There are 2 protein chains.
Amino acid sequence: MNNPLGKARLFLKGRLRHALSDHEAALLDSVVDEGVRVPDGHVVQARSVRATHSTLLLDGFIARVIDDAGTRNIVGLQVPGDFVDLHAFALKRLDHDVVTMGPALLGSVSHERLAQIVRDEPHLTRVLWFSTLLDAAIHREWILKLEQLKAEERLGHIMCELWHRLNFVGLADAHGFNMPLLQTHLANACGTTAVHINRVIKAVRQRGLLEINRGRVTMPDRPALEAFSRFKPDYLYGEGSLFMSEDLREP
Amino acid sequence: MNNPLGKARLFLKGRLRHALSDHEAALLDSVVDEGVRVPDGHVVQARSVRATHSTLLLDGFIARVIDDAGTRNIVGLQVPGDFVDLHAFALKRLDHDVVTMGPALLGSVSHERLAQIVRDEPHLTRVLWFSTLLDAAIHREWILKLEQLKAEERLGHIMCELWHRLNFVGLADAHGFNMPLLQTHLANACGTTAVHINRVIKAVRQRGLLEINRGRVTMPDRPALEAFSRFKPDYLYGEGSLFMSEDLREP
DNA sequence: CTCCAATTTCAACATTTGTTAATTCAATAG
DNA sequence: CTATTGAATTAACAAATGTTGAAATTGGAG
């Protein structure tokens, strides 16, 4: 059953969780320590600081943040089940900060343990590698979104993405999801200003596509929102998607 | 000497080429086949098609392209020495097309060989993993650039990035570099239109910061251009940079 | 050389987004 | 309950970018 109650049970859930053997799932679970609760704004891994551990997000939201000349930019978002700074295992120093958005529960794995896995578990290594490339695929979709979409569509797109990612791990419902991000943060993630994101939120609400208020996102007609935002979930490599790497199953 | 004349000699040059032992450099070199010359617009790896090989770019330029609703968007650029679709080894199917910009020379490695490396060479595996995360770091910087910079600065930023990446592999000179991208392509990579990129090229030329014409990029005052574009090269993980992972040296 | 096609350049106008500043609303401490 | 603070909302105006259509330039093919 792939250790369904383990600390790492959400890792790659909805993607290719079944690519892990029972042994691998148990091993992964055993190297994650007990979760630690941290408050809003906690810096999980700071830019340019030598990393010795990597963090599995067990509960809550995390943003990848780059502060530059007084402006705070969000270059990525992570949801429960994401190995948020596995990148730091190979890079050792990150180019950005990893920061909690709202309180969160964090599991930690030492890089010594990860190095053992790379040495002894080639298949699990490929799965871990895969999970970091999933982040890269999401980065590319954000680039695409920023290059070709207007602010209204960008907002819709990011909300659709979050719904799907949360749905993989069982945290979305038919009408939306809960999310601690403020309008300022949405502006930072959409490459626009707080004033403009407010205009845009109002506009999509009036279109009947999306409602956002105090921690709750409501999607009255998600298919319509996805069409409006030109959102297609393939790049998330979910189970059964066009791109999913079923080949990783074979150890 | 890390096999200085080998096919893979440009791989990670300027970054942590010295992280590879002679054995690893020779091994990497041995798994790359003879280079194949391909023309402009050649699709190295198509979106959603099962990949069986990964490609090392030996000469020329390559773009990561996502076509969507008639528009062609460039979500990444690759230069000689880049393992352009190593991502496809772990993902198996890519979310984007990998396309040559101008004629190019391509080396190829089968995924069977890569799987052997992952099984038998944990340190080399980490270095290959690192190289894909370098792409992710560049993706994040593009997101940052698109979120916070105006078109003039975006253009300057992307040109500074290319200069540094080409400089790592010895293909930049003091005053600029050669590049086959047309104004249309620069527009596609900056998230703007061909008409506007033309305005912008004119503007930065008049500022005395950058000249672009028929395949040649000239930077009369690169430090000034970098300041104007808010470009800082750390995220490229070059030798001696803030973020470079010197720790990967230890096998 | 001449012609042709692709690329670059330009102008006029429309739309989107940024900026500044003020106002309203919501949550919480006391 | 009230005061206070942070967040959300709105308005008016400025700046950046998109759109359309045309003209100029360039590099090759013949």
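Here is how names work: the chains are called A, B, and so on, in the same order as the sequence lines, proteins then strands, and each is numbered from 1. Quantities reported herein were computed from a predicted structural model and do not represent experimental measurements. Values below: all heavy atoms of this structure, side chains included; hydrogens, waters and symmetry mates excluded.
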query = What's the CE-P distance between A/M179 and D/dA7, to the nearest Å?
reply = 14 Å
task = Can you label the angle between the B/F83 ring and the B/F11 ring as parallel, tilted or perpendicular, going by 30° and 60°?
result = perpendicular
note = Per nearest nucleotide of DNA chain D, the residue lying toward the 5' end, A/K202 or B/R154, is A/K202
remark   = Here the distance between atom P of C/dC25 and atom CD of A/Q183, to the nearest Å, is 15 Å
inquiry  = Within the 4.0 Å heavy-atom criterion, would you say B/T192 contacts the bases, only the backbone, or no part of the nucleic acid?
reply    = sugar-phosphate
ask   = Rounded to the Å, how far apart are B/I197 CD1 and D/dT17 P?
value = 10 Å
note = From CG of A/L182 across to P of D/dG6 the rounded distance in Å is 13 Å
request  = Mind checking B/G215 for me? I need base, sugar-phosphate or nothing, with any heavy atom below 4.0 Å counting as a touch.
outcome  = nothing
ask   = Rounded to whole angstroms, how far apart are NE2 on B/H196 and P on D/dG18?
value = 6 Å
task = In whole angstrom, give the distance that lies between atom CG of A/N188 and atom P of D/dA7.
result = 12 Å
query = Tell me: CG of A/L149 to C1' of C/dT16, nearest whole Å?
reply = 14 Å
query = Between B/R230 and B/H157, which heavy-atom pair has the shortest distance, and what is it?
reply = O-CD2, 4.1 Å
query = How would you label the contact of B/A151 with the nucleic acid (heavy atoms, under 4.0 Å): base, sugar-phosphate, or nothing?
reply = sugar-phosphate
task = Select one nucleotide: of C/dA12, D/dA8, C/dT8, the one nearest the side-chain heavy atoms of A/N198.
result = D/dA8
query = Taking 4.0 angstrom as the limit, do B/R64 and B/D97 come out as a salt bridge?
reply = no
note = From CD of B/E153 across to C1' of D/dA16 the rounded distance in Å is 11 Å
request  = Pick base, sugar-phosphate or nothing for A/R214, based on heavy-atom distances below 4.0 Å to the nucleic acid.
outcome  = sugar-phosphate
salt_bridge(B/D82, B/R165) N-O dist < 4.0 Å = yes
